[in-house]
Amino acid sequence: MRPAIFFDCDGVLNEEPGGHGVLGPDDIRLIPDAGGAVRAAREAGYLAIIVTNRAQVAKGFVTLAGLETIFARLRELLAQDGGLVDAIYFCPHHPERGTAGGAPDFQIACECRKPGTLLLRRAVADFDIDISRSALIGDSLRDIGAGHAMGLKSYGVRTGYACRDIERYSDRAPPTPDRMFSDVGEAVAFCIAHPGEYGQAGQPD
Ligand SMILES: [Mg+2]
Ligand SMILES: [Zn+2]
């Protein structure tokens, strides 16, 4: 079994553009040294796996073919700094039905959209991943919720949404990142330096 670092995409590896999100390859702008962070993770023996919600497909803003060009651009930019990604798992769904101009086949309530765990479960099965030695890095509390539901150490970054998206949790306690870091590079460095550490509860600020 191998350990993995699961990376959210927008707001962690590349800048979160806001609005409808990343709609084409030209919208991909890396967070500084994200490629170096991925490289460092792999050099330390971690699989580098991206898990990402892509509701733009269900909403009709991006086709599956378009999504492949976005991912190709992301991989290319990360690889320029030696950051080779082992796999990208994405959820193309969104639960809202009948969005005008959307793709009805993808307008479903699924188990893969984070905080659902199906993307993570698929990756764990495909790569025989040791959850106890793995971690997740995200900029949204949805990422943190998915990671915790899988029993993963789940770290927040202060880039992107910076885990401030508490508005979804008005009726229940929001997930709490195990730690917060300034960016993905700092988070990966911590994972490498503290492979067995669960970390103290950190508060998004
Ligand atoms: Mg994100
Ligand atoms: Zn899904």
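Order of appearance sets the numbers: ligands from 1, and atoms from 1 within every ligand. We number each residue from 1, following the sequence as shown.
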Do Thr159 and Asp139 have a side chain donor and acceptor closer than 3.5 Å?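 There is no such pair (donor and acceptor under 3.5 Å, judged by atom type) between the side chains of Thr159 and Asp139.
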
Compute the ring centroids of Phe71 and Phe90, then answer whether they are less than 6.0 Å apart.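 Aromatic pair counts; centres sit under 6.0 Å.
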
Carboxylate-amine/guanidinium contact Lys59 Glu96, below 4.0 Å: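 Salt bridge flag = no for Glu96 with Lys59.
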
Is Arg142 salt-bridged to Asp8, going by a charged N under 4.0 Å from an acidic O? no

Verify the distance test for Asp10 against the Mg ion (ligand 1): any N/O/S atom under 2.8 Å, yes or no. yes

N/O/S of Glu16 less than 2.8 Å from the Mg ion (ligand 1)? no

Apex the Zn ion (ligand 2) - arms SG from Cys112 and SG from Cys110 - angle rounded to 10°: 120°

Test side chain to side chain contact (heavy atoms under 4.5 Å, CB included) applied to Asp27 and Asp10, Asn14, Val22, the passing residue: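 Output: one option passes, namely Val22.
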
Would you name the N/O/S atom of Asp139 that lies closest to the Mg ion (ligand 1)?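 Output for this pair reads OD1.
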
Name of the Asp8 atom (N/O/S only) found closest to the Mg ion (ligand 1): OD2

Considering only N, O or S atoms of His93, the one closest to the Zn ion (ligand 2):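 His93's closest N, O or S atom to the Zn ion (ligand 2) is named ND1.
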
